[in-house]
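First the structure, in the form of structure tokens, and then the observations on it.
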Protein chains: 2
Amino acid sequence: MSKTTIYDVAEAAEVGIGTVSRVLNNSEKVSDETRNKVLKVIKELNYYPNGMARGLALQRTNAIGVMVPSFIDHFFVEVLRGVQAGLNQFDLDLVLFKVDKEEKDKHINRVLQGRKVDGVLAITLDLTKEEVNKFKELDLPLVLVDDYQQDVNSIFVDDIAGVKKAISYLIELGHQRIAFFDGPLESNHGKQRLEGVKIAFAEAGLEFDEQLLQEGDFTVESGYQSMKKILDVEERPTAIFAASDDQAVGALEAIKEEGLSVPDGFALIGYDNIELARYLDLTTVSQPMFKMGELGIETLAKLIYSKQDDLIKKKIEPKLVIRNSC
Amino acid sequence: MSKTTIYDVAEAAEVGIGTVSRVLNNSEKVSDETRNKVLKVIKELNYYPNGMARGLALQRTNAIGVMVPSFIDHFFVEVLRGVQAGLNQFDLDLVLFKVDKEEKDKHINRVLQGRKVDGVLAITLDLTKEEVNKFKELDLPLVLVDDYQQDVNSIFVDDIAGVKKAISYLIELGHQRIAFFDGPLESNHGKQRLEGVKIAFAEAGLEFDEQLLQEGDFTVESGYQSMKKILDVEERPTAIFAASDDQAVGALEAIKEEGLSVPDGFALIGYDNIELARYLDLTTVSQPMFKMGELGIETLAKLIYSKQDDLIKKKIEPKLVIRNSC
DNA sequence: CTGTTAGCGCATTCAT
DNA sequence: ATGAATGCGCTAACAG
């Protein structure tokens, strides 16, 4: 029972393997009679075609790769769920590749050259132009999710719009001194979000005090440290805007340690709308993560299986979810 | 540049493809001179072997499959992280298969027969004997994670011990009427945990009031509904033990709606120790999810690549994490 | 030590 | 409509 091949089926059905292959691939050129005969044998023998062999012959794997940073958090889980939901419409396998920042090149090469997938979804990977080019050279379809690049298919959220919504809201509430806990300034998100902050201030006729900018890395610990520093500033801000909910959570801890609370001591806004935010009653910028995953694979599938080659870009609008932290 | 094959390398290096294959597979039987020559060409041409072809020839894919329920929650994410961590030691790809309860058979067959993986990790899948047998018939190594079966490799947590710890703790605190919100009674966990509850009561010389048993499905909504029902019972319990943290969260909501709180209105204990539990200050039974994932792939790798065929079973002890919800 | 050849399982011409 | 032959890219056994 260990391995039924197309030859076994052909023999049992008393036809050639070509015919079996045809019914397998729904070719029209088979008489109903033989088709049924073959189908019956296939069922009896519980036969399924070997994926590797089919891949080799077809030059197609029927699988898509999803590259994610080694750091798996709520964000990716949501995106992954979206990917899976989208995957249901197609008959594709999902290969998960973890990409360490330290060994980015090695990991990318592996995905690229192993040729085990027909296309790749790169989630929040901050790929460089050079890295993206490798995909082009090898003609492997690529879609960036939560990342953006000039001439690459991208599904991304309008960072600047999201940030502006948050800052504007705080300003409306009367806040003028607002601290901003950003992610790494060399990351796309870090840059974009800082720019958004500046724009929002400018549009309100105010100026952002760079003293109140803290560079961090989206983690709880980072938010905690940033808040500690802000508490030491001579003229404290009245509001905190964190570039991730995790950072907001960290900030909250530091605020509590100081004997203060939210929103009385500080107004606080996060980013991402992770599940925890609801329980903490944290106002935050919501990113449609599930949707991004879904759109991502839909886009990729289109690229791969309908040979579309025009650039596909989808910008998604984030929403401000207002709760009681400011 | 689109496709460099072993033939291109052989030609450029002026050797036969056999030789190239040998250096690729670190065969000792190649002179240093030719080896270096080939290696140089490989680098120049940026050549990587085609995974499909290699898989076909070797009857080995260098990938492992992870089957997960369609319902992806915190629990699974932690396990997956463990899997990835463990995967790092080996050079394996990870193929993720979602298994719908409704189409279990179809999905399992696909994994089984597609033959795109060398072995499978089945996480929290409540596989039947029959399903497990399919793997045996096809000689595809299988490791159950968070699931148990007589003669299958399994990494599992001692459910009964975990439940006993929770119930005993409540009894110590003086509670006698304890409601239990279980998962589906036809699931392994559902059965085990209920049994644990009964044992714990028996050992304390008490009897479990079946009226206080609520069957649910591990979700927040389920916990909410169960709590609603319990609030209608004539003689209310003083404590609630939920079979998942999510259920505990749902119960908490219902308790709050009733104008009561925890631990004053009810003592509350959850199960899983998800991240949220910490923030809710919820006492809960901790399952080492990350560890389970790590152990799972370690076990699987051993089965596949060192041809061990003795049954491997690992029982992990859960811990009671005491916080302030009771 | 190295080149050549025969599969691995399937899709796809090319004949018929 | 169908069977036989060829190739997908690679490994391994076989000669030399």
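All values below were derived from every heavy atom in this structure, side-chain atoms included, with hydrogens, water molecules and symmetry-related copies excluded. Lettering of chains follows the sequences in order, A, B, ..., and the numbering in each one begins at 1. The model shown is predicted, which means the values in this text are computed figures rather than measured ones.
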For A:Lys37, does the NZ atom sit with more than 12 other heavy atoms under 6.0 Å from it, leaving out its own atoms? yes
Rounded distance in Å - CE (B:Met52) to P (D:dT11): 14 Å
Atom pair distance, as rounded to whole Å: CG in B:Leu56 and P in D:dA12: 13 Å
Spacing of A:Arg35 atom CZ relative to D:dG3 atom P, expressed in whole Å: 14 Å
As a check of understanding: the bend across the helix from C:dC1-D:dG16 to C:dT16-D:dA1, end axes from five pairs, rounded to 10 degrees, works out to 50°
Rounded to whole angstroms, how far apart are NZ on A:Lys116 and C1' on D:dG9? 14 Å
With a 6.0 Å cut-off (strictly less than), is the heavy-atom count around NZ of B:Lys291, excluding the residue itself, greater than 12? no
Mind calculating the distance between CZ (A:Arg60) and C1' (D:dG7) to the nearest angstrom? 18 Å
Any salt bridge linking A:Asp93 with B:Arg110? Criterion: basic side-chain nitrogen under 4.0 Å from a carboxylate oxygen. yes
Presence of B:Gln59 side-chain N/O under 4.0 Å of C:dG9 phosphate oxygens OP1/OP2: yes
Quick one about A:Tyr148 and A:Lys315 (side-chain donor to acceptor, distance below 3.5 Å, no hydrogens or angles considered), yes or no? no
Summarise how protein sits on nucleotides 10-16 of chain C as a single string, 5' to 3': B when a protein heavy atom is under 4.0 Å from the base, S for sugar-phosphate-only contact, - for no contact. BBBB---
A:Glu78/A:Arg81 ion pair, N-O < 4.0 Å: yes
State which residues pass side-chain hydrogen bond (donor to acceptor under 3.5 Å, both in side chains) with A:Asn26; sequence neighbours excluded, sorted by chain then number. none
Could A:Lys134 and A:Asp105 be called an ion pair, given the rule that one side-chain N must be under 4.0 Å from one carboxylate O? yes
Of A:Lys191, A:His189, A:Gln287, A:Gln192, the one forming a side-chain hydrogen bond (donor to acceptor under 3.5 Å, both in side chains) with A:Asp159 is A:His189
